[in-house]
Amino acid sequence: MRIDIVTCVPSLLDSFFAHSILKRAQQGGFVEVVIHDIRDYSVNKHRTIDDYAFGGGAGMVLQIEPIARCIRKLQSERQYDEVIYLTPDGELMQQRMVNQLSLKGNLILLCGHYKGVDQRVRDLFVTKEVSIGDYVLSGGELAAAVLADAIIRLLPGVLNDETSALTDSFQDNLLAPPVYTRPADFEGNKVPEILMSGHEAKIESWRYEQSLRRTKERRPDLLE
């Protein structure tokens with residue numbers, strides 16, 4: 001998979017993809033993440049990428065021309081399955097959406113900024129709009145990083161134990177059960193005996209019951 005992220009603040013993303021699982025995924029050849037600065041595609045020497053909104057109002061709007069130049073250049077080099085715009089009014093990101101995107105080949109993630117992008121960008125180039133929650137950020141960079149992280153960790157070979165991702169919260173509409181590690185006894189607080197029994201079937205049954213209980217308590221809407 002290749003993920004191209006189009007942004008006007010590329011430095012916000014550099015560190016995010018340079019550590020931990022995301023770094024290993026790139027080094028292992030499972031994914032290629034390329035960050036593009038919209039200013040590199042500006043149509044004037046001042047590298048301007050925004051302007052005032054027609055009709056007035058507060059805030060600046062990202063212009064269509066530099067974004068169009070960037071996306072068209074990328075599309076001339078390879079086929080993309082989706083051009084995704086990160087925006088508060090997009091489809092709410094959920095695990096099933098991430099699962100589907102992890103099966104794609106190449107993705108472009110477009111980060112909004114200021115008051116967003118010229119609507120014609122959305123009309124002409126964007127194939128999917130995604131929101132990571134009902135709140136507003138300063139830009140789409142954090143949202144793009146969240147989406148990319150959720151996708152990349154599902155790619156075969158990225159996690160040392162591929163079953164790990166399959167047992168995460170939301171994969172089966174249940175929250176994950178509690179987990180424990182050493183020491184088995186911390187100041188009298190002990191790990192449930194069933195987890196140290198070595199009885200796989202009973203352990204799985206206990207984990208399912210715990211998942212169900214936690215979901216009922218915290219997210220009963222998932223069970224509907």
Answer yes or no: is there a donor N or O on one side and an acceptor on the other, between the side chain of D149 and the main chain of V146, under 3.5 Å?
-> no
Can you tell me if CZ on R182 sees more than 12 non-hydrogen neighbours from other groups inside 6.0 Å?
-> no
Where at least one partner belongs to residues 82-91, residue pairs that pass salt bridge (charged side-chain N to carboxylate O under 4.0 Å, His left out), sequence neighbours excluded | D89-R122, E91-K128
Taking NZ, NE, NH1 and NH2 as the nitrogens, is one of them in R207 or E204 under 4.0 Å from a carboxylate oxygen of the other?
-> yes
So, R69 and E65, do they make that salt bridge, N to O below 4.0 Å?
-> no
Taking side chain as C-beta onward, heavy atoms only, is F125 less than 4.5 Å from I67?
-> no
For the pair Q79 (side chain) and Q75 (backbone), establish whether a donor and an acceptor sit closer than 3.5 Å, ignoring hydrogens and angles.
-> no
Test item: L12 and T7 side chains (from C-beta on) under 4.5 Å apart, heavy atoms | no
Same cluster (ILVMFWY, side-chain, under 4.5 Å), L147 and V158 = yes
Verify same cluster id: V126, L86 (apolar side-chain graph, 4.5 Å) = no
Does M1 belong to the same Ile/Leu/Val/Met/Phe/Trp/Tyr cluster as F30, with side-chain heavy atoms less than 4.5 Å apart forming each link?
-> yes
Mind jotting down which residue pairs meet the salt bridge (charged side-chain N to carboxylate O under 4.0 Å, His left out) criterion with at least one end in residues 32-43? Sequence neighbours excluded, please.
-> R2-E32, D37-R47, D40-R47
Do Q26 side-chain atoms and F17 backbone N/O form a donor-acceptor pair below 3.5 Å?
-> yes
Would you indicate whether the side-chain heavy atoms of V117 and Y85 approach each other to under 4.5 Å?
-> yes
